[in-house]
Protein chains: 2
Amino acid sequence: MADAATTAVIRRFNRAYTQRIGALEDSFLGVGLPLGTARLLFEVGAEPATAQALRSRLGLDSGYLSRLLRRLEEEGLAVVTPDPADRRRRLVDLTPEGRRRWRQLEDRSEARARQLVEPLSARQRERLAAALAEADLLVRAATVTFERVDPDSPVARDAVGRYFAEVGRRFGFDPAGEPEKDAVDLAPPRGEFFVAVSDGEPVACGGVRALGDGVGEVKRMWVHDGWRGAGLGSRLLRHLEDAARALGHRVARLDTNETLVEAIALYDRAGYQRTPRYGDNPFATHFFQKSLAAPG
Amino acid sequence: MADAATTAVIRRFNRAYTQRIGALEDSFLGVGLPLGTARLLFEVGAEPATAQALRSRLGLDSGYLSRLLRRLEEEGLAVVTPDPADRRRRLVDLTPEGRRRWRQLEDRSEARARQLVEPLSARQRERLAAALAEADLLVRAATVTFERVDPDSPVARDAVGRYFAEVGRRFGFDPAGEPEKDAVDLAPPRGEFFVAVSDGEPVACGGVRALGDGVGEVKRMWVHDGWRGAGLGSRLLRHLEDAARALGHRVARLDTNETLVEAIALYDRAGYQRTPRYGDNPFATHFFQKSLAAPG
DNA sequence: CATGTTCTCTGACTAAAGTCAGAGAACATG
DNA sequence: CATGTTCTCTGACTTTAGTCAGAGAACATG
């Protein structure tokens, strides 16, 4: 029952942790603003945004947000202006006074964290930081979601750019002309492309294109190197297989280069079989395929 | 700046973690009770208690708690009875139906934790559990507080009993007659005794007694073996030195046995100097002392 | 340019959360 | 047994948090 043991640890940790550090919540109080308003201030301070974006980030009702924004405006902490690009939308930013208050929230949060580690020695602090970083990576990797995006969108270009940079470095892959092909092959109706974003940065991507005869090809599969070893690659591959299946493919195929040993190990683990060369990718040295018949 | 790096990791983790698992909070919703009432139900379910204890545990206003309890009673989830030992007090316990609802909260919390680890492989789950256990230990060790208690109280007896068991095992210490001496020497006005309790279990203890001539002796210093290596011993020792100073001592002294190598290392680190034998403890082989002149 | 859609705001609510000042019963103490 | 203290309750509040149904302006599209 490794499972029950794990959840027990998580829950034990959860109780202790939320009690002690009281999440961020506590540090949001005591600056003269109610929690909801403080949270909004904090969010705007982290990055000015449209009302719409704030609503989705914080999960608020539009009427409610409208009132919270009004309150921030009345207190002289924020300014709300129409977006010149679309005058239905409203842009929210902090005033200098709002920024001062935001920094105050930051400071309290920082003080709280400092107070927690204060009784610990330098070595113990390092241990705590290492343990939390590890837990952070795993929790994020387990919860990040794959969003379907246009392969020609900025976020997709960013992600694929990182992919090209890495394969360029590792086996001299030349991406000339590829983005243009991707824009067609990896977009509906012929294919799909997904990106996982965490804290505004792409951390993984991958797509599926049609090879014909019920065969879908997995392409541009990439995981940010700070995020490897946390199961994100397996999750991504499963997600792409599901997408291929939904597109009507019965077989998934992919090629890779011998230098990408982690990827090859991943495909082996996921049940892919070696298969003869297909296509004309001059950089590919290994070819895999897997039946999509049984889901999972 | 190991410090800033540590707080940055903590805060990063904090954001991700509270967002994803949403603390326990989310799992408290959706059982047909408002958050505050659900939290109270959960607390009572964990351990039936007096209204007073619940108030201090949850930090509630007495009027507010009174109403919350009424609500639980009206819904048939709890029974509130006068404490026979002190009829001003009220005892709160759950009804069978309340216990059923409590279990429901437990299940949701469990399900949430399970859902979090679901995308992870067995190995990654183990890593997550290990990382959280490590963080848990350090956070608890950094935040547990030392309470001054009567050395004759049950919790003190429990803690010292564990201490005796360990030193008995390690170098054959014989505690005959010691508890009776402690009851006088480690209680005001002659001395003081402290226990750290976590989740109802003593995890560390120690006391100070007067040797005369401005010398205080540190006694019964013990740390639960599951809690070692997290700085709890150093914190305890500092706490005892502060107590000795407050009792008017200018010098702290202590003896120990050569088999307790971790303790000896701790005393060395804390600035204690070897000193010739004092007193007539037949089990002591090493003697230490330290000036309490400069605080810290 | 008519039509539907998107985005924000307003009014009118409800429920939850929390505070404060006593009142009254039960205990503790000299 | 008079007096002060502890503990819980009640009444009378205020503030937050959150929901819902439109209204109206701005955009998108055929």
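Worth knowing before you read on, the calculation uses all heavy atoms, side chains too, and leaves out hydrogens, waters and symmetry mates. Lettering of chains follows the sequences in order, A, B, ..., and the numbering in each one begins at 1.
- In the set D/dT19, C/dA16, C/dC7, D/dT19 carries the atom at the smallest distance from any side-chain atom of A/D61.
- Among the heavy atoms of the strands lying under 4.0 Å from A/G63 is at least one base atom, whether or not backbone atoms are also near.
- Out of C/dC27, C/dA17, C/dT8, the shortest distance to the side chain of A/A51 is found at C/dT8.
- Along DNA chain D, the nucleotide nearest to A/T37 and the one nearest to A/R87 differ in position, and the one closer to the 5' end is contacted by A/T37.
- The CG atom of A/L58 sits 13 Å away from the P atom of D/dT19 (whole-angstrom rounding).
- Rounded to a whole Å, the CG atom of B/L60 is 13 Å from the C1' atom of C/dA16.
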request  = Apply salt bridge (charged side-chain N to carboxylate O under 4.0 Å, His left out) to A/R103 and A/E106, showing your working.
outcome  = CA-CA 5 Å; A/R103 203 153 294 123; A/E106 278 280 303; over 6 Å; no

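- Counting distance only, with no hydrogens placed and no angle test, the side-chain atoms of A/R90 and the base atoms of C/dT8 include no donor-acceptor pair under 3.5 Å.
- Regarding A/R71, its CZ atom lies at a distance of 21 Å from the P atom of C/dT8, rounded to whole Å.
- A/E75 places its CD atom 14 Å from the C1' atom of D/dT16, with the value rounded to the nearest Å.
- Tested against B/F194, the residues B/L186, B/V149, B/L240 include a single side chain to side chain contact (heavy atoms under 4.5 Å, CB included) partner, B/L240.
- The interatomic distance linking B/L35 (CG) with C/dA17 (C1') rounds to 10 Å, in whole Å.
- The side chain of B/Q52 has D/dT8 as its nearest neighbour among C/dA16, D/dA26, D/dT8.
- Of the nucleotides present, C/dA17 is the one that pairs with D/dT14 by Watson-Crick or G-U wobble criteria, both distances under 3.5 Å.
- A/D86 comes within 4.0 angstrom of the backbone, heavy atoms only, and of no base.
- Heavy-atom nearest nucleotides on DNA chain D were determined for A/A85 and for B/L65, and the one closer to the 5' end corresponds to B/L65.
- When Watson-Crick and G-U wobble pairs are counted only if both distances are under 3.5 Å, D/dA25 pairs with C/dT6.
- In this structure, B/Y64 places its OH atom 11 Å from C1' of C/dA15, rounding to the nearest Å.
- If you check C/dG11 for Watson-Crick or wobble pairing at under 3.5 angstrom, you find it paired to D/dC20.
- Comment: A/K219 does not engage A/D182 in a salt bridge, judged by the lack of any side-chain N to carboxylate O separation of less than 4.0 angstrom.
- Side-chain atoms of A/R67 come within donor-acceptor range of the base of C/dG11, with a qualifying N/O pair under 3.5 Å.
- Contact check for B/F193 versus B/D150: no side-chain heavy atoms found under the 4.5 Å cut-off.
- Atom-to-atom, CZ of B/R89 to P of D/dT5 comes out at 18 Å; the value is rounded to the nearest Å.
- If you check the side chains of B/R89 and B/T50, you find no donor sitting under 3.5 Å from an acceptor.
- Regarding B/R55, its CZ atom lies at a distance of 19 Å from the P atom of C/dA17, rounded to whole Å.
- The base of C/dC9 sits within donor-acceptor range of the side chain of A/S62, with an N or O pair under 3.5 Å.
- Nearest to the side-chain atoms of B/R88 among the listed nucleotides C/dC27, D/dA17, C/dA16 stands C/dC27.
- Using a cut-off of 4.0 Å between Lys/Arg side-chain N and Asp/Glu carboxylate O, A/D83 and A/R90 are scored as not salt-bridged.
- Using a 4.0 Å cut-off, no side-chain N or O of A/R39 falls inside it from OP1 or OP2 of D/dA17.
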